[in-house]
Number of protein chains: 2
Amino acid sequence: MVSRAESAAATRRALLDSAAELLDEGGPEAVTLRDVAARAGVSRGAPYGHFADKESLLAAVAAEGWERLSNEIAAQSGTPSERVRGALAALVTIGRRHPHHYRRMLGPPAGEEPGKLISASCRTQEEFLAIVSELVDECDVHRYGGLLFTGVSGIIAAELSGHFETGTWRTSADELVDTLVTIIADGRLQAEG
Amino acid sequence: MVSRAESAAATRRALLDSAAELLDEGGPEAVTLRDVAARAGVSRGAPYGHFADKESLLAAVAAEGWERLSNEIAAQSGTPSERVRGALAALVTIGRRHPHHYRRMLGPPAGEEPGKLISASCRTQEEFLAIVSELVDECDVHRYGGLLFTGVSGIIAAELSGHFETGTWRTSADELVDTLVTIIADGRLQAEG
DNA sequence: GATCTCATGTGACGATGTCAACCTAGTGGC
DNA sequence: GCCACTAGGTTGACATCGTCACATGAGATC
């Protein structure tokens, strides 16, 4: 026997997991509220007891992606330079392993309560800034931190859209990420031994 | 009296324009094939005579966005540095004026014939690279050109998602774009007088 | 043990993408 | 100048989907 609260929490969790799976497997158009519910073992109407609508459910999934990235960033070790590279590598990895999830994270906040997704991304970015602050001058933390994060996001987004398979750039996303980090972190102001 | 070919071409154009308008006005979820057709003055089924499906129509709209950007890039004048900044400013402007259109352009190629969208973006990026090649060493053109383009894309994408309104980065998209361009074009290798 | 309270199940409705069949007005051959 | 042809356009129909109002039943509260 399970308490009603436990049962509800389990359902909510199952809905989030099912939605994330379907998103990973078939992209946004494969995420059907009906399929999500079915995979979670509940009926069509059950999700509405936990989420306002489909977009809110997907926003919650995206928010959890930010949480995971935040944890991975916090778990980095080594020199500041290594940790910055590691944090950005975690972002890159999420983008490659879960492209649809990644796009949801970086896309426009949807659903009711868009603030939830925004604040989740904020916490992650603050986590990243904390590492950057050990690497560059105080006055440059936000400028270079923001440039690193949003720049790498753009590079990976371009990769996911196939912009490196065409031969136009004649380079790889990895090389661009490395170039960006090197220019900012190592070349521009080598604040580390 | 109009020839059949002219009429068909006009219908196709009206469909593209209507789709672009609806996309601009209400975002992707507001783009209904029925509404597009109605605004274009034709019936529900008419679009299928010109596009394989809804995604293909939106891909064609996105491709036209790349074409316009390509023209704007080609129209830049001044020093190489000014033209690079102008080209990137054109990208920024599209993102701000037509955020939904912008996201479609940079998003994953959808619909049948994804190659159409890819090749359109390629042409635009080659146009950009042509300018960059006047600014940096030959061996760095693709690396720095790609970094500039994808980096600025990411900065603007972050802005469109509200990541600069939260105070986390404590800076603006404009400053990040300027910082990136300055570091690469002016600071790193000032190949221009 | 009676009642209450939610989480969930179910029926229904409107909207939408898509297709098949039909229609119609330019088009080309005689 | 007439006629069959053809491609673009219209209409009806269908499956699917998000969403809501209502019913239901099992835990929670007294």
Side-chain angles (χ1 to χ4, degrees), chain A residues 1-23 25-62 100 104 108 110-114, chain B residues 1-23 25-62 100 104 107-114:
Chain A
M1 123 146 188
V2 281
S3 78
R4 186 156 58 180
E6 285 171 345
S7 168
T11 298
R12 180 187 159 89
R13 179 99 300 277
L15 287 170
L16 287 168
D17 292 342
S18 302
E21 288 174 18
L22 287 171
L23 186 61
E25 294 169 8
E29 63 274 14
V31 181
T32 293
L33 219 41
R34 287 164 142 88
D35 285 350
V36 171
R39 183 174 291 214
V42 292
S43 73
R44 307 190 304 270
Y48 290 95
H50 301 271
F51 305 96
D53 53 19
K54 181 186 176 183
E55 284 304 314
S56 297
L57 167 58
L58 283 172
V61 170
H100 303 295
R104 273 278 156 181
E112 311 201 339
E113 301 190 296
Chain B
M1 120 141 189
V2 281
S3 79
R4 186 154 61 180
E6 284 170 346
S7 168
T11 299
R12 181 188 160 88
R13 181 97 300 276
L15 288 170
L16 287 167
D17 292 342
S18 303
E21 289 173 18
L22 287 172
L23 186 61
E25 294 168 10
E29 63 273 14
V31 181
T32 293
L33 219 41
R34 287 164 141 87
D35 286 349
V36 171
R39 184 174 291 216
V42 293
S43 72
R44 307 191 305 272
Y48 289 94
H50 301 271
F51 305 96
D53 52 19
K54 181 185 176 183
E55 285 303 316
S56 298
L57 167 58
L58 283 172
V61 170
H100 304 294
R104 273 278 155 181
E112 312 202 339
E113 301 190 296

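To find a chain, count down the sequence lines: A is the first, B the second, and so on, and within it residues start at 1.
Evaluation of the side chain to side chain contact (heavy atoms under 4.5 Å, CB included) rule for A:A19 yields A:V36, A:L57, A:V61 as partners, not counting sequence neighbours.
Heavy-atom distances to DNA chain C give each of A:Y48 and B:A52 a nearest nucleotide, and the one nearer the 5′ end belongs to A:Y48.
In this structure, B:E29 places its CD atom 12 Å from P of C:dG17, rounding to the nearest Å. Atom CG of A:L22 is separated from atom P of D:dT16 by 16 Å (rounded to the nearest Å). Distance CG (B:L15) to P (D:dT10): 10 Å, rounded to an integer number of Å. Distance B:E112 CD to C:dG17 C1': 14 Å, rounded to the nearest Å. Between the C1' atom of C:dT18 and the NE2 atom of B:H50 lies a distance of 16 Å, rounded to the nearest Å. Between B:E6 atom CD and C:dA25 atom C1' the separation is 15 Å, expressed in whole Å.
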Solution key, residues 42-51 of chain A side-chain donor-acceptor pairs under 3.5 Å, sequence neighbours excluded:
none

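A close approach under 4.0 Å does not occur between any side-chain nitrogen or oxygen of A:T11 and OP1 or OP2 of C:dA7.
The side chain of A:R34 sits closest to D:dT19 out of C:dC19, D:dT19, C:dT27. The side chain of B:L33 sits closest to C:dT18 out of C:dT18, C:dT16, D:dG18.
Distance check, rounded to the nearest 0.5 Å: CD of B:E113 to CD of B:E55 gives 14.0 Å. Atom-to-atom distance recorded for B:D17:CG and B:L22:CG is 11.0 Å, nearest 0.5 angstrom.
In plain terms, the two heavy atoms of B:L23 and B:H100 that are nearest each other are O-CD2, 3.3 Å. The minimum heavy-atom distance between B:K54 and B:V31, with the atom names listed, is NZ-O, 2.8 Å. A pairwise comparison of heavy atoms in B:S56 and B:G111 identifies OG-CA, 3.7 Å as the closest pair.
Taken residue by residue, residues 35-46 of chain A places heavy atoms nearer than 4.0 Å to DNA chain C at A:V42, A:S43, A:R44, A:G45, A:A46. Non-hydrogen atoms lying under 4.0 Å from DNA chain C are contributed by B:D53, B:K54, all within residues 53-60 of chain B.
Between the side chain of A:T32 and the main chain of A:D35, no donor-acceptor pair closer than 3.5 Å is present.
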Heteroatom pairs (N/O) under 3.5 angstrom, protein to nucleotides 5-7 of chain D:
| unit_1 | atom_1 | unit_2 | atom_2 | d |
| --- | --- | --- | --- | --- |
| D:dT6 | O2 | B:R4 | NH1 | 2.9 |

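Every stem involving DNA chain D, taken as at least 3 paired positions in a row under the Watson-Crick or G-U wobble test at 3.5 Å, is listed here: C:1-30 with D:1-30.
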